[in-house]
Amino acid sequence: MARRVIEPKNLADTTPHHFSPAIVADGAFYISGQVGTDEDGNYVGNDVESQTRQAFENVETILQSVDRELEDIVKITSYIVDIRDHYEAFQSVYREVFSTEPFPCHTAIGVESLASETPLVELEVEVPIDEEP
């Protein structure tokens, strides 16, 4: 199986965490869950809006590496810490990012925590890709 790792220069280094940001393999495109960290690996804020906005910016950076855009996303799975408290704040950013139809399919899952104490949101996206760019 042919695989190509996608590692945009302006994203945080994922090597210490033992995963790749994205991989193109045999015509399929896989993106690791994205959280609200800047290119130095620092969280951009301690609120859902800031982290969600940054997570979408990170997704957009990865997509640009394979000539895709946020509008090409067909499915999003959002993991939101304390979803009952944070869903409206998350949704306000989500509506900014996806302001016109057709909207992607979306599943929002409430979780107790993510990989550490700081992240409040993690995004997984699915984007079709016909061939390796």
Side-chain angles (χ1 to χ4, degrees):
M1 168 175 59
R3 300 189 328 167
R4 181 169 59 102
V5 175
I6 307 299
E7 296 178 288
K9 298 294 181 214
N10 48 348
L11 283 184
D13 180 17
T14 60
T15 307
H17 304 290
H18 209 69
F19 68 89
S20 299
I23 292 178
V24 176
D26 292 333
F29 185 47
Y30 304 93
I31 300 175
S32 293
Q34 294 298 303
V35 295
T37 55
D38 63 18
E39 63 188 70
D40 297 318
N42 300 312
Y43 285 89
V44 297
N46 59 359
D47 61 284
V48 170
E49 291 95 338
S50 299
Q51 289 189 20
T52 301
R53 198 166 276 110
Q54 183 65 47
F56 274 116
E57 287 178 23
N58 295 346
V59 168
E60 186 172 33
T61 297
I62 292 170
L63 292 175
Q64 289 170 349
S65 297
V66 293
D67 298 323
R68 297 297 187 274
E69 301 175 347
L70 291 169
E71 293 79 24
D72 295 317
I73 296 171
V74 296
K75 171 76 168 89
I76 300 175
T77 304
S78 304
Y79 301 91
I80 305 166
V81 174
D82 297 326
I83 195 168
R84 289 189 178 124
D85 294 332
H86 294 135
Y87 187 72
E88 288 305 316
F90 168 84
Q91 193 68 1
S92 70
V93 176
Y94 183 90
R95 287 185 177 129
E96 288 173 21
V97 173
F98 301 105
S99 59
T100 59
E101 294 186 39
F103 304 121
C105 299
H106 183 216
T107 302
I109 300 171
V111 296
E112 185 176 320
S113 67
L114 292 165
S116 69
E117 293 176 16
T118 309
L120 299 172
V121 173
E122 185 165 350
L123 304 174
E124 287 185 349
V125 302
E126 296 179 30
V127 178
I129 191 164
D130 298 327
E131 57 188 53
E132 291 188 34

- What residue pairs, at least two apart or across chains, pass salt bridge (charged side-chain N to carboxylate O under 4.0 Å, His left out) with a residue in residues 94-105?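 Checked against salt bridge (charged side-chain N to carboxylate O under 4.0 Å, His left out) - neighbours excluded - the pairs reaching residues 94-105 are R53-E96.
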- Kindly check if the number of other-residue, nucleotide or ligand heavy atoms within 6.0 Å of CG (N46) is above 12?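 No - once you tally the heavy atoms of other residues, nucleotides and ligands closer than 6.0 Å, there are 12 at most.
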In one Ile/Leu/Val/Met/Phe/Trp/Tyr side-chain cluster, 4.5 Å: [X], [Y]:
X	Y	result
I109	F90	yes
V35	Y79	no
F103	Y87	yes
I62	I23	no
F19	Y30	no

Between [X] (side chain) and [Y] (backbone), is there a donor-acceptor pair under 3.5 Å?
X	Y	result
Q54	V44	no
N58	L11	no
E7	P21	no
D38	D40	yes

- Item | Validation row: V93, V48 side chains within 4.5 angstrom (heavy atoms) |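 Contact flag for V93/V48 side chains = no.
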- Message: Any non-hydrogen side-chain atom of P119 less than 4.5 Å from a side-chain atom of V81?
- Response: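 P119 does not reach V81 side chain to side chain.
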Check [X] against [Y] and note the closest heavy-atom contact, atom names and distance.
X	Y	value
R3	A25	CG-CB, 4.0 Å
V127	R68	CG1-CG, 4.1 Å
A28	I129	C-CG2, 3.7 Å
S32	S20	OG-O, 2.5 Å
N10	E39	O-CB, 3.2 Å
S50	G45	CB-CA, 4.3 Å

- Task: Any chance you could lay out the side-chain contact (heavy atoms from CB on, under 4.5 Å) test for V125 and L70, step after step, and finish with the verdict?
- Result: CA-CA 10 Å; V125 302; L70 291 169; over 6 Å; no
- Message: Can you tell me how far apart OG1 (T61) and CD1 (I6) are? Round to the nearest 0.5 Å.
- Response: 13.0 Å
- CD of E88 to OH of Y94, rounded to nearest 0.5 Å, is 13.5 Å
- Given V121, which of V111, T52, I83 fulfils the side-chain contact (heavy atoms from CB on, under 4.5 Å) condition? T52
- Query: Would F98 and F56 count as a close aromatic pair, with their ring centres under 6.0 Å?
  - Reply: yes
Counting only pairs under 3.5 Å, give me each side-chain donor-acceptor contact of residues 71-78, with atom names and distances, residues two or more places apart or in other chains.
unit_1: D72; atom_1: OD2; unit_2: E69; atom_2: N; d: 2.7
unit_1: K75; atom_1: NZ; unit_2: T77; atom_2: OG1; d: 3.3
unit_1: K75; atom_1: NZ; unit_2: T107; atom_2: OG1; d: 2.8
unit_1: S78; atom_1: OG; unit_2: H106; atom_2: NE2; d: 2.7

- By salt bridge (Lys or Arg N to Asp or Glu O under 4.0 Å), which residues pair with E60, not counting sequence neighbours?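 Once residues adjacent in sequence are excluded, E60 has no partner under the salt bridge (Lys or Arg N to Asp or Glu O under 4.0 Å) criterion.
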